[in-house]
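Worksheet for the structure shown next.
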Amino acid sequence: MRALATEASLVRSAREIFERDGFVSARIVDIAENAGVAYGSFYTYFDSKEEIFRAVALAVAEDMYSNAYPHQADDGQQTTLSRIEDANRRYLQAYARNAKTWAVIHQVATFDDFARELLREIRLRFVGRAAQALRRRQEEGLAPSGIDPELAADLLGGMIENYAYLHLALDDSVAPSELERVVAETTRIWARAIELRP
């Protein structure tokens, strides 16, 4: 039990140090010290800075996905437009909460296969879910059948993902109070793009 608590403390500490210093400049000695763990004890739990970075990245990715798409039954009361709006809101809120770590993950993805694949996998999960939803709307007659669900989901997902990266991760230019305006605009663009019918 104590070992699990120490490992979790190291992961939390590593996230703080990576966010503060970036991956390249982060040092194991700082991670250990920040966690209140002896430098040598770090290696009881992790072999390297790369390994603990992977633990941080996976934890953030899971938090992002589970909060963007919580496991709850659809009560049937939401309209298609409100579902799109809710998905956009949850995605952007989850991204904003983890923005500093996402910036580091993108940094590491330029030279590390694990980080690159993690970004790709998360994108595929979001795109897959959006494409599935669009196919359902087409089957219900709420969106034109001529739209390619996978391509549309990929393009629209890229719009929101890139906006989040540029304005939440890189320059932190969107205040939390402004996020709802971004949600409303992305939802309007999404609905128009798929020619959503009432």
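Rounding to the nearest 0.5 Å places OH of Y65 at 5.0 Å from CZ of R129. Rounding to the nearest 0.5 angstrom, the gap separating the CD atom in Q93 from the CG atom in L168 is 11.0 Å. To the nearest 0.5 Å, atoms CZ (R116) and OG1 (T110) are separated by 8.0 Å. In this structure, H167 NE2 and N162 CG are separated by 8.0 Å, a value rounded to the nearest 0.5 Å. Going from atom CD of E161 over to atom CG of L156 covers 12.5 Å, rounded to the nearest 0.5 Å. Taking CZ of F42 as the reference point, atom CD of E7 lies at 10.5 Å (rounded to 0.5 Å).
Ion pairing between a basic and an acidic side chain is recognised when a charged N comes within 4.0 Å of a carboxylate O; R89 and E85 show such pairing. For E19 and R15, the salt-bridge test passes: some basic side-chain N is under 4.0 Å from an acidic carboxylate O. Ion pair D30/R27 flagged as a salt bridge, since at least one NZ, NE, NH1 or NH2 atom sits closer than 4.0 Å to an Asp/Glu carboxylate oxygen. Of the charged side-chain nitrogens involved, at least one lies within less than 4.0 Å of a carboxylate oxygen, so that D112 and R54 count as a salt-bridged pair.
Closest heavy-atom contact between T80 and L196: CG2-CD1, 3.5 Å. Nearest heavy atom pair, residue I105 against residue A115, reads O-CB, 3.9 Å. For the pair A99 and A169, the tightest heavy-atom approach, listed with the atom from each and the gap, is O-CB, 3.5 Å. For the pair M159 and T186, the tightest heavy-atom approach, listed with the atom from each and the gap, is CE-O, 4.4 Å.
Tracing side-chain contacts under 4.5 Å through hydrophobic residues (I, L, V, M, F, W, Y), one never reaches M64 starting from L124; they form parts of separate clusters. I194 and L155 sit in two unconnected hydrophobic clusters of ILVMFWY residues. Membership requires side-chain heavy atoms under 4.5 Å apart, directly or through other members. By the rule that hydrophobic residues join a cluster once side-chain heavy atoms approach within less than 4.5 Å of another member, Y163 and V127 end up as members of separate clusters. Residues L166 and V182 share a single hydrophobic cluster, defined by chaining ILVMFWY side chains whose heavy atoms lie under 4.5 Å apart. Taken together through direct or relayed side-chain contacts under 4.5 Å among Ile, Leu, Val, Met, Phe, Trp and Tyr, Y39 and I52 form part of one hydrophobic cluster.
Between the side chain of Q138 and the backbone N or O of P149, no donor-acceptor pair lies under 3.5 Å. In terms of modelled atom types and a separation under 3.5 Å, the side chain of E51 and the main chain of D47 share a donor-acceptor contact. No donor-acceptor pair under 3.5 Å is formed between the side chain of R137 and the backbone N or O of L142. Counting only distance, with no hydrogens or angles, the side chain of S66 and the backbone of E62 share a donor-acceptor pair below 3.5 Å. D148 contributes a side-chain N or O that, together with a main-chain N or O of L151, makes up a donor-acceptor pair within less than 3.5 Å. Side-chain atoms of S25 never come within 3.5 Å of backbone atoms of G22 as a donor-acceptor pair (strictly under, hydrogens ignored). Between the side chain of S13 and the backbone N or O of S9 there is no donor-acceptor pair closer than 3.5 Å.
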The test is side-chain contact (heavy atoms from CB on, under 4.5 Å); show your working for V24 and Q107 and say whether it passes. CA-CA 9 Å; V24 174; Q107 174 197 43; 4.2 Å; yes

Please walk me through it: do T101 and F18 pass side-chain contact (heavy atoms from CB on, under 4.5 Å)? CA-CA 7 Å; T101 306; F18 288 138; over 6 Å; no

Show your reasoning for whether salt bridge (charged side-chain N to carboxylate O under 4.0 Å, His left out) applies to E150 and R135. CA-CA 9 Å; E150 283 74 21; R135 275 193 296 274; 2.2 Å; yes

Please test F126 against Y91 for side-chain contact (heavy atoms from CB on, under 4.5 Å), starting from the C-alpha separation and ending with a verdict. CA-CA 9 Å; F126 279 104; Y91 178 86; 3.6 Å; yes

Would you check, one step at a time, whether the test side-chain contact (heavy atoms from CB on, under 4.5 Å) holds for R123 with D154? CA-CA 8 Å; R123 180 167 177 66; D154 198 12; 2.7 Å; yes

As a quick check of understanding, evaluate side chain to side chain donor-acceptor pair (under 3.5 Å) for T44 and S41, giving each step before the final call. CA-CA 5 Å; T44 302; S41 297; 5.1 Å; no

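Inter-residue side-chain proximity for V108 and F111 is flagged as met; some heavy-atom pair is nearer than 4.5 Å.
Taking a 6.0 Å sphere around NZ of K100, one finds it holds 12 or fewer heavy atoms contributed by other residues, nucleotides or ligands. Within 6.0 Å of the CZ atom in R120, the count of heavy atoms belonging to other residues, nucleotides or ligands does not exceed 12.
The side-chain contact (heavy atoms from CB on, under 4.5 Å) test with V11 singles out one residue from Y45, F46, F53, and that residue is F46.
When the side chain to side chain donor-acceptor pair (under 3.5 Å) test is applied to E139, no partner is found at least two apart in sequence or on another chain.
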